[in-house]
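Not measured: the values here are computed from a predicted model.
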Amino acid sequence: MNSSQEIHTSPCPTSGKGCPKGGKGASHLVALLVVLIWGTTFVSSKVLLNSGLLPADIFFVRFVIAYCCMLCISHKRLFASSLVDELTLLGLGMMGGSLYFLTENMALLYSTTSNVSILVSTTPLVTAMLLAIFYKSERLNTRQIIGSIVAFIGVVLVVLNGQLVLHLNPLGDTLALGASLTWGLYSLFMRRIMNKYSADFITRKVFFYGVMTILPYFVFVNPLDISLLTSGSVTIWGNLLFLGFVASTGGYLLWNWVMRELGAVKSTNYIYLQSLITMIAGAIVLGERITPMAVAGAVILIAGMVLAVRKKRAKT
């Protein structure tokens with residue numbers, strides 16, 4: 001690579017135009033930032049659930065807030081260039097929005113938190129397998145496969161946190177795996193479309209179709225309950241605004257940009273860290289206990305992550 005190639009530009013998330021870029025280091029830092037934010041959403045959601053809100057209501061409000069934010073940023077273009085691309089955006093809204101959150105939260109109704117956390121943590125592996133089927137360039141090498149497996153073992157230890165017995169539930173565990181599959185499909189759809197449109201346009205459409213595809217749930221399953229939303233509770237609205245503004249608007253916008261920069265497989269590997277961040281946040285905010293098993297799992301997780309995402313040295 002010559003000097004003229006080393007200094008180049010990359011599409012900014014909010015404009016799609018060129019912006020300065022100093023290698024992939026910034027992309028890895030942004031990926032870490034997003035996963036750090038998403039790791040704390042479990043605690044915020046738990047506060048809202050304890051306040052009486054239902055999972056679907058939380059999802060609907062946070063995505064409506066996020067869509068309104070993105071509409072202020074991205075409003076010049078309404079539709080994709082083709083019907084196929086528009087349908088892909090619809091798929092993104094379902095897989096990364098309504099279906100993902102519904103399957104994950106419904107899984108918690110039938111299975112334990114530990115089971116669900118572990119099974120949803122298979123997302124990077126599921127994503128890698130899906131992308132390998134359709135994109136030869138996204139296939140994992142031996143080092144990445146070993147790193148992913150090591151990281152997953154670390155996730156299991158972190159999630160178990162001293163609890164050695166898992167209680168299997170076929171329905172709940174299947175729903176948890178379904179959540180993992182939906183995010184894998186989100187990455188697959190994103191891989192197809194991420195180089196065609198700016199990250200802000202894609203993110204806005206994800207929120208729009210996420211909101212649209214959750215509406216049938218309110219019509220046929222459980223109506224939207226706005227009684228708690230009108231109470232003016234600082235706790236409720238503080239957490240909803242965090243989920244809407246920070247975790248959804250900022251998180252999805254930056255994540256879609258990171259996927260373009262690092263590739264779908266490498267960026268998704270960062271999701272392994274989410275359980276570790278959730279554990280730390282739970283200990284700080286909710287006073288949850290951290291055992292030596294979890295600490296050991298954290299070390300193993302980080303080692304596997306480094307192995308999975310570290311750039312292979314060029315032969316000299």
Side-chain angles (χ1 to χ4, degrees), residues 23-42 104 113-133 135 137-164 166 173 176-177 179-184 186-188 190-191 251 254-255 258-259 261-283 288 290-314:
K24 297 294 184 182
S27 303
H28 288 285
L29 289 175
V30 172
L32 284 170
L33 173 63
V34 174
V35 173
L36 174 64
I37 293 170
W38 284 353
T40 62
T41 59
F42 174 80
E104 185 181 52
T113 302
S114 296
N115 284 33
V116 174
S117 298
I118 290 172
L119 292 171
V120 170
S121 293
T122 62
T123 295
L125 293 174
V126 172
T127 300
M129 288 188 291
L130 284 173
L131 289 167
I133 294 172
Y135 297 98
S137 61
E138 293 281 6
R139 291 175 184 172
L140 297 178
N141 56 40
T142 302
R143 174 179 52 79
Q144 290 174 317
I145 293 173
I146 295 173
S148 295
I149 293 173
V150 170
F152 179 69
I153 292 172
V155 168
V156 173
L157 294 177
V158 168
V159 172
L160 289 178
N161 197 15
Q163 176 187 327
L164 297 177
L166 286 176
D173 296 344
L177 285 173
S180 177
L181 177 61
T182 59
W183 193 264
Y186 176 87
S187 300
L188 182 64
M190 182 63 71
R191 176 65 173 76
L254 292 174
W255 187 256
V258 165
M259 287 186 69
E261 296 299 296
L262 298 180
V265 171
K266 186 172 288 188
S267 58
T268 305
N269 274 327
Y270 276 97
I271 292 178
Y272 282 126
L273 292 173
Q274 195 165 319
S275 59
L276 173 60
I277 295 166
T278 299
M279 178 189 71
I280 296 172
E288 296 178 347
I290 297 178
T291 67
M293 176 188 285
V295 175
V299 174
I300 295 172
L301 191 163
I302 293 172
M305 271 289 306
V306 172
L307 190 62
V309 303
R310 182 171 58 88
K311 185 177 180 180
K312 187 176 181 180
R313 292 182 180 179

Legend entry - Minimum heavy-atom distance between S121 and P124, given as atom pair plus value: O-CD, 3.3 Å
Inset, instruction - Give the minimum heavy-atom separation between K266 and L262, together with the two atoms involved. - result: CB-O, 3.6 Å
Inset, instruction - Determine whether Y135 and V265 make a side-chain contact, defined as any pair of heavy atoms from C-beta on separated by less than 4.5 Å. - result: no
Legend entry - Min side-chain heavy-atom separation M259-R191 under 4.5 Å: no
Inset, instruction - Any chance you could measure L125, atom CG, to I149, atom CD1, to the nearest 0.5 Å? - result: 7.0 Å
Inset, instruction - State, yes or no, whether a side-chain contact exists between Y272 and S148 at a heavy-atom distance under 4.5 Å. - result: yes
Legend entry - Set of side chain to side chain contact (heavy atoms under 4.5 Å, CB included) partners for S180, sequence neighbours left out: T122, T123, V126
Inset, instruction - Test V30 against Y270 for side chain to side chain contact (heavy atoms under 4.5 Å, CB included), laying out the working first. - result: CA-CA 11 Å; V30 172; Y270 276 97; over 6 Å; no
Legend entry - Pairwise distance CG(L188) to CE(M129) - rounded to 0.5 angstrom: 12.5 Å
Output a table of donor-acceptor pairs, distance under 3.5 Å, between side-chain atoms of residues 32-42 and any protein atom two or more places apart or on a different chain; print 'none' if there are none.
from, atom 1, to, atom 2, distance (Å)
W38, NE1, A247, O, 2.9
T40, OG1, I37, O, 2.6
T41, OG1, W38, O, 2.6

Inset, instruction - State, to 0.1 Å, how close G263 and S267 come at their nearest heavy-atom pair, and which atoms those are. - result: O-OG, 2.8 Å
Legend entry - Flag side-chain contact, heavy atom, 4.5 Å: I302 against L276: yes
Legend entry - Side chains of S187 and L130 in contact at under 4.5 Å (non-hydrogen atoms): no
Inset, instruction - Could you pull out all residues at least two apart from Y186 that satisfy side chain to side chain donor-acceptor pair (under 3.5 Å)? - result: N256
